[in-house]
Participant: 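Mind having a look at this structure? Questions to follow.
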Amino acid sequence: MAERRWRMVDVAASAGISTQQVRNYLADGVLPPAGRTASGYRMLTGHHVRALAVARRMAEGHGWSRTREVLAAVHRGELPAALAALDAGHAELDRERAEIARVLGAFETVLGNPVAAAPRRDARIGVVAAQLGVRTSQLRLWEQRGLLRPRRQRGTGYRVYDPAEWRAARVVALLRRGGYPFDIVTAVLDELRSTGRPDRVRAELARREQELHRRSLCRLRASAALYGYLAETGPVDEG
């Protein structure tokens, strides 16, 4: 028995979008190819409606760029390419999750070490290096990497560190001794400089972690919807 034909306007209405968007999705491969009648009308079926529903679910979890990539590969019959694109999306979340965990760990290292009193006035680079137990060349290197921002003294051009910059140098020294790479050190400093108080940094990182959990669940639902679509429209080789 032939499957019911759908008008373009009805397919669009099923997802609350315009008929032009349906045409765009057909052109991009987000929807499966549609044949045409002798009079030139597109032959749309429930298969297109189901594909559109999956596309919307996919977009919630992966965004439209990856959704187009995945579904276009599916409709070209290139399942390995579609799976590779999906894996790349999940790998991105894994990297973000690991980054948050590493920043939290580094931040706890900073908080777990007692803070020596910062100088009450600006200090030159040699004084800061001696207080922190590092070489002046290390401080210059950290400055070149954008970690530290000492100002230059008028007239002499000497580097001088105010109390806030002294504390930043202490954080860098502490984390580098702990073996943390520069990207994590940068992330910790950025958080401290932008968020301010330690409790706010913790709260912001916790918020990002919760947002990551939400996105991960959205992608899980999207993957489930895609699997159902693949199983419905053709055999899924699990061997």
Side-chain angles (χ1 to χ4, degrees), residues 1-103 183 187 205-239:
M1 182 177 177
E3 191 170 5
R4 169 196 163 187
R5 297 275 181 86
W6 285 66
R7 296 182 305 165
M8 177 81 71
V9 66
D10 294 328
V11 173
S14 73
I17 61 176
S18 69
T19 55
Q20 184 57 52
Q21 283 178 289
V22 175
R23 294 187 185 93
N24 293 341
Y25 293 162
L26 285 165
D28 292 341
V30 173
L31 300 182
R36 289 185 180 269
T37 65
S39 56
Y41 290 105
R42 286 186 175 89
M43 294 187 292
L44 302 176
T45 67
H47 183 38
H48 295 88
V49 176
R50 292 187 290 276
L52 183 54
V54 170
R56 306 285 285 185
R57 175 66 76 184
M58 286 281 296
E60 290 175 5
H62 293 275
W64 275 111
S65 178
R66 178 159 283 119
T67 296
R68 283 192 293 269
E69 181 182 3
V70 170
L71 289 178
V74 166
H75 294 139
R76 290 195 306 268
E78 299 173 3
L79 184 57
L83 295 176
L86 281 175
D87 289 345
H90 290 292
E92 288 171 3
L93 289 185
D94 183 60
R95 286 192 294 272
E96 287 184 49
R97 197 180 301 280
E99 178 78 3
I100 290 174
R102 292 169 75 195
V103 172
D183 60 331
L205 290 173
R207 185 196 65 76
R208 293 185 197 173
E209 200 168 34
Q210 287 302 312
E211 172 62 16
L212 190 61
H213 294 339
R214 186 195 66 78
R215 289 164 56 202
S216 185
L217 285 172
C218 280
R219 293 194 182 184
L220 182 62
R221 287 193 293 268
S223 295
L226 179 63
Y227 184 84
Y229 177 70
L230 292 173
E232 176 187 331
T233 56
V236 178
D237 183 6
E238 298 182 352

Participant: Could you tell me the separation between the NE2 atom of H213 and the CZ atom of R208, rounded to the nearest 0.5 Å?
Facilitator: 14.0 Å

Participant: Quick one: do L71 and L226 satisfy side-chain contact (heavy atoms from CB on, under 4.5 Å)? Show the steps, please.
Facilitator: CA-CA 9 Å; L71 289 178; L226 179 63; 3.8 Å; yes

Participant: Measure across V70 and A85 and return the closest heavy-atom pair with its distance rounded to 0.1 Å.
Facilitator: CG2-CB, 3.7 Å

Participant: Answer yes or no: is there an ion pair linking E60 with R219, defined by an N-O contact shorter than 4.0 Å?
Facilitator: no

Participant: Quick one: do R97 and D94 make a salt bridge, cutoff under 4.0 Å?
Facilitator: no

Participant: Any salt bridge linking E209 with R214? Criterion: basic side-chain nitrogen under 4.0 Å from a carboxylate oxygen.
Facilitator: no

Participant: Could you go step by step and tell me if V22 and H48 meet the side-chain contact (heavy atoms from CB on, under 4.5 Å) rule?
Facilitator: CA-CA 10 Å; V22 175; H48 295 88; over 6 Å; no

Participant: Could you check if a side-chain atom of L230 sits within less than 4.5 angstrom of a side-chain atom of L79, using non-hydrogen atoms only?
Facilitator: yes

Participant: I'd like to know if the side chain of H62 and the backbone of M58 have a donor-acceptor N/O pair within less than 3.5 Å.
Facilitator: no

Participant: Please name the residue in the list V11, L52, T67 that meets the side-chain contact (heavy atoms from CB on, under 4.5 Å) test with Y25.
Facilitator: L52

Participant: Are the side chain of R57 and the backbone N or O of R221 linked by a donor-acceptor pair below 3.5 Å?
Facilitator: no

Participant: Look only at the side chain of R5 and the backbone of M43, and say whether a donor-acceptor pair between them is shorter than 3.5 Å.
Facilitator: no

Participant: Between A81 and A73, what is the shortest heavy-atom contact and its length?
Facilitator: CB-CB, 4.1 Å

Participant: Nearest 0.5 Å, please: how far is CZ in R68 from CG in N24?
Facilitator: 9.5 Å

Participant: Look up atom CZ in R50 and atom CG in L31, then write down how far apart they are to the nearest 0.5 Å.
Facilitator: 12.0 Å

Participant: Indicate yes or no for a side-chain donor-acceptor contact from Q210 to the backbone of R207 under 3.5 Å, with no hydrogens or angles considered.
Facilitator: no

Participant: Heavy atoms, side chains only, cut-off 4.5 Å: are R56 and I17 in contact?
Facilitator: yes

Participant: So is R4 actually on top of W6's ring, under 6.0 Å and inside 45° of the axis?
Facilitator: yes

Participant: May I have the step-by-step check of side-chain contact (heavy atoms from CB on, under 4.5 Å) for S223 and H90, ending in yes or no?
Facilitator: CA-CA 10 Å; S223 295; H90 290 292; 3.4 Å; yes

Participant: Looking at OG of S14 and CG of L44, how far apart are the two atoms once the value is rounded to the nearest 0.5 Å?
Facilitator: 10.0 Å

Participant: Could you tell me the separation between the CD atom of E69 and the CG atom of D28, rounded to the nearest 0.5 Å?
Facilitator: 12.5 Å

Participant: What is the distance from atom CZ of R42 to atom OG1 of T19, rounded to the nearest 0.5 Å?
Facilitator: 10.0 Å

Participant: Students often mix this up, so state it plainly: with edges at 30° and 60°, are the rings of Y229 and H47 parallel, tilted or perpendicular?
Facilitator: parallel

